[in-house]
Each structure stands twice: as C-alpha cells, then as structure tokens.
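Proteins come first, then strands; the chains are lettered A, B, ... in the order of their sequence lines, and each starts at number 1. Given the structure is predicted, the values throughout are model-derived calculations rather than measurements.
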Amino acid sequence: MNETDETEEEGVSNFVRDVVRGDFSSGKTKSVVTRFPPEPNGYLHIGHAKSICLNFGIAAEFGGRCHLRFDDTNPTNEEIEYIEAIKKDVTWLGFDWGEHLYFASDNFDKLYGFAVNLIEQEKAYVCDLCPDEMREFRGTLTKPGKDSPRRNSPVDGNLDLFARMKAGEFEDGKYVLRAKIDMASGNMNMRDPVLYRILNASHPRTGDAWHIYPTYDFAHGQSDAIEGITHSICTLEFTDHRPLYDWCIENLPVPSEPHQYEFARLNLTYAVLSKRKLMQLVSENLVNGWDDPRMPTISGLRRRGIPPEAIRDFATRIGVTKSDSTVEVELLNHCVREYLNKIAQRRLGVLRPLKVVIENYPEGQTEEVGAINNPENEASGRRMVPFSKVLYIEQNDFMEDPPKKYYRLTPGKEVRFRYAYFITCQEAIKDVAGNVIELRCTYDPETKGGNSPDGRKIKGTIHWVSAEHAIDADINMYEHLFDHPNPGVEGDLIDDINPNSLTTLTGCKLEPSLANSVVGEAVQFERNGYFAVDPSSTPDHLIYNQTMAMRDSWAKIQAKDMSAGK
RNA sequence: UGGGGCGUAGCCAAGUGGCCUAAGGCACCGCUUUUUGGUAGCGGCACUCGGAAGUUCGAAUCUUCCCGCCCCAGCCA
C-alpha cells in the first residue's frame, strides 16, 4: 500500500478508531492488539472482509498487531478445509498475522481450569435440566426465569460431576456447566448461561481428547485475555453478550483485561451474507461451490476477477458504525471498475461474433495495427494486432434499421474499426430466416490507424477481431445471483434467484495476444468490460469470467426510450 | 409488554453547542473532452438532521416525551 492510500484511509473516521485513539491518549493502552476470530464452519464472505480490514487496519494504523484466531469451540460443524480456505482468503486480501495464528482450542486446558475456578468460587454449577426444561426455566423476554434445582448444589459435587463430564462418562446433553449469575436479568444472556456442554464429538484439532467443549461466551473473552487482545471488535448482535463477557473477565484470574466493541455487520443489495444461506446455495447446488463467481464469498470474488485492492477500498469507503445498513452493490462495482480501469490491460474481444468481409481488402493479406495497452498508464505501452479481410464484430454493433443516435455500423454508414480503418457497410447478408449472418463492407485505405487525412469525423468506433487470427474462448457472463434487492424478504430465498445469473457464451473471438493469459489476471475487453481467466481454463479451452461490465450509457438511453413508450 | 442497539439525502457516511445558510463517496440528471456510448472534467442533487416540545444569544449536536427499525428466550457463533 502506498502513502496516498494510507492517508486516504486515515482520513476516514470511524468510532472504533476514535476509541483506540482515546485509549492511547488516556494512557489506558500502550499498544493495540486486535484479532479476527472466524469459526471454521464455512467460507469467508465480503462481510468478513469488512471485519478483517477493520481489525488489521486498526492494528496497522496504531503500530499494533492483529491475530488470526479460529473460534473452534463447536466440533460438530467445523472442518480443516475451512481453516485452510480462511487462511488463504485473509492472505489474499493482503493481510498478515505473522506469528499470531491461534485457535480457541489451544486454550482448552486453561479454559477448563477457569471453569473449575468458577465452580470453586460458587459462581458456576453443573445443571441437569434437559434443553426443554432449560428453556422453560429461562423464562421469557418479559417474565423472569426460575432457578435450576441444582443451582445451589455444593462445590464438591459440582467439581466431581464436571470432572466426570470431562472424562467422558456421560452422553451428549446429560449435563451442562452454567454460570450462576441472575435468572431474573432483563438480559437473557445473564440468566445462568451455559459455559460447557457435553459433546462426544471428534474435534478437527484436538481429536477425541475432549468430551466437553466451552461455549462461545466462555471461550471468547478468555481467549482474548490470554492472547492479550486489547480491543475485541465484533458485530452488533453480540452487544447483549458484553455484560457476560465482562463478568467472566472480572471473575476469572485472566492475564489481561480486554474490552469488547461492536459495529454493524455489512449487508449488500442483491446478495445474501449469512453463512447459513450461503451454505444452502452450495449444498443445494444452486451455485457451483463456495467459489462460484456469483457468490459474495472472498473466494467467489477472487474467481470472478475482483482484486483485493478493490475490496479493501470498498471496506474503507463504507465506513464503520453501529447503525444497521445495507450498502448498494453499485458501490462495490464502482470500486472494482475504478481500480481495474487503472491497471487492466486493454484487449479486443468479440463476445457475440458477426462475420464481416472487407470486399476491397486484398485477399490473403494481413497487417498489424498498433493498439494502446492502457490509456491510463503510458508505461504499459502498445501491442500489434492483426487485421485482415475477414473479421468479426459484435452482433449488436450492427443494425439494419437503427434507432436515433445509434452510431455503430448500419447500411451505408461509415464507422471506425478501432486502431484500423474507416469501414462502410455495403450489404447485410441474411439466412433464410432473415437473420443477418454476414456483412459485406469496404474500407478506406487512406484511414489506416483510424484517422482520415481529410479530417472527417467519425462518431462510432467499434472493436473487431481478425477471423483468421482469432482465438476461441468460452465466457461466463454474470448478473446478480438474486433479482430482488433484498433476497428472501418476501418469501423463499430460492424464489428470488435470478434465472439469468449465469450465461455462458461459447465461440467468443479474442485477439491472439490473449493466448497466454494468466489465471486471475484482469483484462479489459474494450467496450465490453473486465474479464479474468477462470482457474478451470486450459490453453486448449480458454474460459473467462466477466468480472464487471463497463458502464454503459447507451444501454441507459435505450432503456429510457423503451420505457418512454418507444 | 423485559433488556440492549440504532435513526443525517435513493444508498453509505462525516459531524460531539457557534467557521453547519450540513463534508465526502455511490447512484441519478445535465454538459464538455474522447479512436473504448469507457475514463476524465464541470455543474446539479438535504433551507434540513425520525417527530414534537424545551434549554440556550445560538442545537443535527444538550434535556424530555413520542414514533420507527434492528437484536436477544441454541447445550450455535
């Protein structure tokens, strides 16, 4: 990241930054330590990216550090596959946890000791209420709960039972360790929350060593304390857990005193950002895996060709507050286009080919025309592109009966073939069904390079590819996965899936220089958008994903004319 | 109806009693430049800060009441 970027980011204020700055100036903090704590039960999505950028960003800005900690306290839905995927995603986003990779499971012994300590203080007890009874005893939002019959059982018995829970003497759910706090609290989390439960399950990291596992509430704050986290930043739904977080820290001999701060999670229009729903899309094969380019997962965005720089920029632009918000995808799109415009190499590629024959161009002749690689960056230079008698242009760059203000190819009209010549359409050849299948055109040899010596102005410039030299590719074109801005609000999520979210174009024609493209590298097909080679692509069978279309004001004009009654 | 959080333009979001007759970005609408109908540039887009009272010389910022939205009754995180 360069200096400009840093200043820009520092210019964006947010309340978490203010808190940290305040803690520094008051002397409360000497150094800042944050952490990104995913549970390895799924893939990371752009909402996680917001948290990652915040946590690593705060640490970097104040000269501290940020840990990557896996919150692996529930072995029933956690897998090594997810751990590896998450590490890859965080790294790809551009962040480095250095030596500080941790797992809540690293602390299982200490956590067990803390639990014993709490029992000894008579602040925790083993409870034998079954889930249904527990729910009943907990009371409701408006009615206080009732004490568990075992709430005041003696320390020795609790110690013994807890040890036997650990030893694996009981089946799942038989007993539970609860904190003794306040069954009448208005905050449900304080009504003697469960600290440990019996789970005779194999853990991805600790195997069969444990039969009891700490809950999030018991593991998180203590893990923070053990790691020396100063600012434990989480999302709003944990606000109600903060009193419990603080209660644990106050009542346990922990090595440090972390504090929890909450911010609003990200919501995006036309997308779904919950692991449960993303999991559903994957398991019901509604998409092609977690890294489907239509997915808002980090891996999906990566496969789509969206660069980490754009995601980071997006994260800083949306800000960090406590108010629930839904960001329009257009902002993400803007960040992607803005970045890609600066760095993407320009190429000529025809998505839906229409054959063009230049009648007065010599048979068998090929010439090279010079093309600019990136007008935003002089240093990226030029390349040569072959031009010949038979070419392909975009089907929608020709209209036999054009509307007003259409300045592409049309019978008798002259347009510029980018970097090549002025071309005039003489005739459109149709098949029996009346579809235009070929254009017969002529060129003006005086206009090589795309300018005429007589200075006549040409409004339309279109792109093309030489048929003889073109390479073929399949291109995946994407639309929003959902056609409703808030998928699932009006019923079943599945009903809001956009049936046109993926269209695969085959037989696309690309300029030959694209033959040796690298997976993931962003390219702009002029006038069409940004594209990236899919990981499944091979030299014999090129496959591109459309990352993002260009902004298209012509499409807008047309749409407006349409709705205006034509 | 218990507890907690939040309400500044279509969407994010600055702002923490006077330099606010309210930043910035996205979106949108014009115009200019342009061998990408892209980019870039220029201009427009909240007399008003959920509402109402009040405090004050002065309020989006303080007080009170009201309204609305979100979260919590997993041995998930």
Check: Base, sugar-phosphate, or nothing: which does A:Arg178 touch, judged by heavy atoms less than 4.0 Å apart?
Finding: nothing
Note to self: Using atom P in both nucleotides, what's the gap between B:G74 and B:C66 to the nearest angstrom?
What the structure shows: 30 Å
Next item on the list: Identify, with sequence neighbours excluded, every residue that meets ring pair (Phe, Tyr, Trp, His ring centres under 6.0 Å) alongside A:Tyr245.
Entry: none
Note to self: Rounding to an integer number of Å, can you tell me how far A:Lys404 NZ sits from B:G37 C1'?
What the structure shows: 18 Å
Check: What nucleotide, of B:G37, B:G4, B:U39, holds the atom closest to the side chain of A:Arg527?
Finding: B:G37
Check: Whole Å only: how far is the CG atom of A:Asp552 from the C1' atom of B:G38?
Finding: 9 Å
Next item on the list: Report the distance from atom NZ of A:Lys457 to atom C1' of B:G37, rounded to the nearest whole Å.
Entry: 17 Å
Check: In whole Å, what separates the C1' atom of B:G68 from that of B:U8?
Finding: 15 Å
Notebook entry, point to check: Roughly, in whole Å, what's the span from CZ in A:Arg418 to P in B:G37?
Noted result: 8 Å
Margin query: Please name the nucleotide paired to B:A27 by Watson-Crick or G-U wobble geometry with both distances under 3.5 Å, or report none.
Written below: none
Notebook entry, point to check: CE of A:Met550 versus P of B:U39: gap in Å, rounded?
Noted result: 7 Å
Margin query: Please report the distance separating the C1' of B:U39 from the corresponding atom of B:U16, rounded so that it comes out in whole Å.
Written below: 40 Å
Margin query: So A:Ile475 and A:Phe525, do their side chains get closer than 4.5 Å, heavy atoms only?
Written below: yes
Notebook entry, point to check: Using purine N1 to pyrimidine N3 plus N6-O4 or O6-N4 for Watson-Crick, or N1-O2 and O6-N3 for G-U wobble, each under 3.5 Å, what pairs with B:A22?
Noted result: none
Note to self: Over 60° means perpendicular and under 30° means parallel, so tell me whether A:Phe108 and A:Tyr213 are parallel, tilted or perpendicular.
What the structure shows: perpendicular
Margin query: Output the rounded distance in Å from CD1 (A:Ile557) to P (B:G37).
Written below: 11 Å
Checklist line | Residue A:Tyr406, side-chain atoms from C-beta onward, closest of B:C29, B:U36, B:G37 | finding: B:G37
Note to self: Output the rounded distance in Å from CZ (A:Arg346) to P (B:U36).
What the structure shows: 11 Å
Next item on the list: Compare every heavy atom of A:Arg151 with every heavy atom of A:Lys180, then report the nearest pair and how far apart it is.
Entry: CE-O, 3.0 Å
Checklist line | Rounded distance in Å - CZ (A:Phe525) to P (B:U39) | finding: 19 Å
Notebook entry, point to check: From the list B:U36, B:U39, B:C12, which nucleotide is the closest neighbour of the side chain of A:Pro375?
Noted result: B:U36
Margin query: If I pick the C1' atom on B:U63 and the same atom on B:C71, what distance separates them, to the nearest angstrom?
Written below: 27 Å
Item checked: Interatomic distance at C1', B:A59 relative to B:C47, whole Å -> 16 Å
Next item on the list: Any pair with a residue in residues 176-200 of chain A that passes ring pair (Phe, Tyr, Trp, His ring centres under 6.0 Å), sequence neighbours left out, goes on the list, sorted by first then second residue, please.
Entry: A:Phe162-A:Tyr196, A:Tyr196-A:Phe218
Item checked: Minimum side-chain heavy-atom gap A:Ile181-A:Asn189 below 4.5 Å -> no
Notebook entry, point to check: So which one's nearest nucleotide on RNA chain B is more toward 5', A:Ser325 or A:Arg416?
Noted result: A:Ser325
Checklist line | cation_pi(A:Arg205, A:Phe103) dist<6.0 Å, angle<=45 | finding: yes
Please list each protein N or O that sits under 3.5 Å from an N or O in nucleotides 15-17 of chain B, with the distance.
residue, atom, partner, partner atom, Å
B:G15, OP1, A:Ser13, OG, 3.3

Note to self: I'd like to know whether the aromatic ring centres of A:Phe238 and A:His220 sit less than 6.0 Å apart in this structure.
What the structure shows: no
Note to self: Using a distance-only criterion (donor-acceptor N/O pair, under 3.5 Å, no hydrogens), is the base of B:G37 paired with the side chain of A:Arg408?
What the structure shows: yes
Note to self: Which is it for B:G74, anti or syn, if anything within 90° of zero counts as syn?
What the structure shows: syn
Note to self: Between B:C67 and B:A53, how far apart are the two C1' atoms, rounded to whole Å?
What the structure shows: 14 Å
Next item on the list: Select base, sugar-phosphate, or nothing to describe what A:Thr321 touches, counting heavy atoms under 4.0 Å on all strands.
Entry: sugar-phosphate
Next item on the list: Name the pairing partner of B:U63, where a pair is Watson-Crick or G-U wobble with both distances under 3.5 Å, or state none.
Entry: B:A53
Margin query: Suppose you measure atom C1' in B:U21 against the same atom in B:U48; what distance do you get, rounded to whole Å?
Written below: 10 Å
Notebook entry, point to check: Among A:Leu301, A:Leu278, A:Val272, which one satisfies side-chain contact (heavy atoms from CB on, under 4.5 Å) with A:Pro296?
Noted result: A:Leu278
Check: Does any non-hydrogen side-chain atom of A:Lys174 lie less than 4.5 Å from one of A:Glu169?
Finding: no
Next item on the list: Would you indicate what A:Thr326 reaches in the nucleic acid, counting non-hydrogen atoms under 4.0 angstrom: base, sugar-phosphate, or nothing?
Entry: sugar-phosphate
Notebook entry, point to check: Considering every strand shown, what is the Watson-Crick or G-U wobble mate of B:G68 when both distances are under 3.5 Å?
Noted result: B:C6
Check: Do we see a donor-acceptor contact under 3.5 Å between the side chains of A:Asn187 and A:Ser185?
Finding: no
Next item on the list: Name the orientation of the base relative to the sugar in B:C71: syn if the glycosidic angle is within 90° of 0, else anti.
Entry: anti
Next item on the list: Measure the shortest side-chain to side-chain distance between A:Ser513 and A:Val385 over non-hydrogen atoms and say whether it is less than 4.5 angstrom.
Entry: no
Next item on the list: Verify whether the ring centers belonging to A:Tyr43 and A:Tyr82 lie closer than 6.0 Å.
Entry: yes
Check: Could you run down nucleotides 22-28 of chain B 5' to 3' and tag each one B, S or - for protein heavy-atom contact under 4.0 Å?
Finding: ---SBSS
Notebook entry, point to check: Listed by chain and number, what are the ring pair (Phe, Tyr, Trp, His ring centres under 6.0 Å) partners of A:Tyr407, not counting sequence neighbours?
Noted result: none
Notebook entry, point to check: Is the closest side-chain heavy-atom distance between A:Tyr216 and A:Glu39 below 4.5 Å?
Noted result: no
Notebook entry, point to check: What does nucleotides 71-77 of chain B look like as a protein-contact string, B for base, S for sugar-phosphate only, - for none, at under 4.0 angstrom between heavy atoms?
Noted result: BBBSBSB
Notebook entry, point to check: On a whole-Å scale, what distance lies between the P atoms belonging to B:G51 and B:U34?
Noted result: 47 Å
Note to self: Pairing check on B:C45: which nucleotide meets the Watson-Crick or G-U wobble criteria with it, both distances under 3.5 Å?
What the structure shows: none
Margin query: Under 4.0 Å from OP1 or OP2 of B:C70: is there any side-chain N or O of A:Ser323 that close?
Written below: no
Note to self: With a 3.5 Å limit on both atom pairs, tell me what B:G74 is paired to, counting Watson-Crick and G-U wobble, or say none.
What the structure shows: none
